[in-house]
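Step one of this worksheet: look at the structure below.
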There are 2 protein chains.
Amino acid sequence: MPSLTSVLGVLDPTSDRAVFRQIADALREAIDKGRFREGDKLPSETELVDHFGVSRMTVRNALSLLQQEGLAVSEHGKGVFVRPRPPVRRLASDRFARRHRDQGKAAFTVEAEAAGSRPEVDSLEVKEERPSPGISARLGSPRKVLARRRRYLLDGRPVEFATSYLPLDLARNTPIAQPNPGPGGIYARLEEMGHRLDHFDEEIRARMPSPAEVRTLQLASGVPVIHLVRTAYDTEGRAVEVCDTVMAADAYVLAYQLPAN
Amino acid sequence: MPSLTSVLGVLDPTSDRAVFRQIADALREAIDKGRFREGDKLPSETELVDHFGVSRMTVRNALSLLQQEGLAVSEHGKGVFVRPRPPVRRLASDRFARRHRDQGKAAFTVEAEAAGSRPEVDSLEVKEERPSPGISARLGSPRKVLARRRRYLLDGRPVEFATSYLPLDLARNTPIAQPNPGPGGIYARLEEMGHRLDHFDEEIRARMPSPAEVRTLQLASGVPVIHLVRTAYDTEGRAVEVCDTVMAADAYVLAYQLPAN
DNA sequence: CTTGCCCACTCGTCTATACGAGTATGCGTC
DNA sequence: GACGCATACTCGTATAGACGAGTGGGCAAG
């Protein structure tokens, strides 16, 4: 068991860098160098207080910085730990290609099982709503829309929360309005109903989560969300669906392939 | 001038919600409702201490929460302000299409001026390096690479930091190794040299910035970064360039168009 | 052996105080 | 008017202490 001094060094009293930043720097460097690895417990607040000879608030300030940076997570009653990097799910840009739809099973389920994870979908809700301005504009200002909400989990961990919006005149009294729309999902149903899909537009933003998003996605502090809004167009140029998705950013990498022409 | 009570309400002493969270909730709600607008100054710490009858650390805790959420920014000596939403730059997925390259001017400059902003590029650096493992794998394990680093600014604000890597055997002693590679950029030069571009792969992640990234992009707290890695392939299937880009997430929307086939 | 309790250790919350440092304003001097 | 300074206000940093609450291990009683 190496001494704390050899792992963390000591403060530089001549430095004009704030003490809590120096402590954060020492911990960050130790993590970067692998002295603490994913899931390892960092020294307790008391140990850091003793080692650096500062007050507890100063140590907490330093640890709080690391949490904001997404490097550490604290667990009440246990300690502060190096944040584990969860397995990452890769979303390929061809994930909605027609050939995948023909298989029948939901893309999320197939792909997760192939990756050796246990997929779940919960909090499914289907209801009719008045569209928000953003959704309304994308769908051509329908008076009402059908909203399909669901949350996706991998191995019990929530990773994504998505809502699909469809113009009500298009979706009412169809399988799309059922909780389970059947094999191939709502895109397969849309095509059966004569809305042959032409292309999708996707808009990607990243930001910090709202408190509500922190709850539904069980996000650690220092983890942003990726906000993806996809609009599906049929061959007539009509927007037939908007899917609004919020993903835990530490669980995803999005992949796109672009032609050079 | 409405009283603070009418804007923020009062604490609920019977609630088991932590006091600093209640204060943060009150401020967040007031911001959401438009009682404080973008750029507005929030009540000073002292005013909040007096209004809620708590100690200053409790108020600072609440304000710190809002900053982590990206809702507020503090300015030393001035106050805490509702974080202004900067104008957002939209990156379209066809931004590297050949037709845009033919114009001659740099895409960033053209587009920024069209949007009425003042574009700048700085800290240009061109050097030969040993590639990191990730870059090396993408480029087919060259021994050395040419690295082109630059930072992009809009109206004086840094928004993006990018590094292009090219296999050295391909780029050495060409215009690509010059600080200014000429009209159309390095992609135009690559095509002139016989590497006709076929497609690009882009990988997108979002995360909190490192301290170094906070400095170079002058990021407010609570602003994540979008990390985009683009690999360019020529028609022979060879990876000819990797561009590693870190963007201030509050300054960008990425847009992609996907075919449905 | 099992159950249940106590205790030690962890982080969470809150108070009170002090001083430092950046900003803006007004006022007096030049 | 221009300049410089004092001052009041802002947030930043740090100390010291207190109590609460979640976790886990040890120990004693059953």
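The sequence lines fix the lettering, A, B, ..., with proteins before strands; numbering per chain opens at 1.
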Checklist outcome for this item: Per atom distances to the Arg56(A) side chain, the nearest of dA16(D), dT10(D), dA18(D) is dA18(D)
Interatomic distance, [X] [atom1] vs [N] [atom2] [rounded to whole Å]:
X: Asp50(B); N: dT10(D); atom1: CG; atom2: C1'; result: 14 Å
X: Phe20(B); N: dG20(D); atom1: CZ; atom2: P; result: 18 Å
X: Lys41(B); N: dC9(D); atom1: NZ; atom2: C1'; result: 9 Å
X: Arg60(A); N: dG20(D); atom1: CZ; atom2: C1'; result: 13 Å
X: Glu45(A); N: dG22(D); atom1: CD; atom2: C1'; result: 14 Å

Item to check | First-last contacting nucleotides on DNA chain C - partner chain B, under 4.0 angstrom, heavy atom | outcome: dT13(C) to dA24(C)
Under a 4.0 Å N-O cut-off, is there an ion pair linking [X] with [Y]?
X: Arg205(A); Y: Asp250(B); answer: no
X: Arg151(B); Y: Glu125(B); answer: no
X: Lys41(A); Y: Glu75(A); answer: no
X: Glu160(A); Y: Arg149(A); answer: no

Checklist entry - Nearest heavy-atom pair of Val121(A) and Arg150(A): which atoms, and what distance? => result CG1-CB, 3.8 Å
Item to check | Minimum heavy-atom distance between Ala24(A) and Leu66(A), given as atom pair plus value | outcome: O-CD2, 3.8 Å
Next on the checklist: Which label fits Tyr152(B) and Phe108(B): parallel for a plane angle under 30°, tilted from 30 to 60°, or perpendicular past 60°?
Outcome noted: tilted
Next on the checklist: Between Ser117(B) and Pro119(B) (side chain of the first, backbone of the second, donor and acceptor by atom type, cut-off under 3.5 Å), is there such a pair?
Outcome noted: no
Checklist entry - dC9(D) phosphate, OP1 or OP2: any side-chain N/O from Ser44(B) under 4.0 angstrom? => result no
Checklist outcome for this item: Across all chains, not counting sequence neighbours, the side chain to side chain donor-acceptor pair (under 3.5 Å) partners of Arg90(A) are Glu203(B)
Checklist entry - Looking at DNA chain D, which of residues 67-80 of chain A put a heavy atom within less than 4.0 Å of it? => result His76(A), Gly77(A), Lys78(A)
Checklist entry - Just checking Arg21(A): base, sugar-phosphate only, or nothing, at a heavy-atom cut-off of under 4.0 Å? => result sugar-phosphate
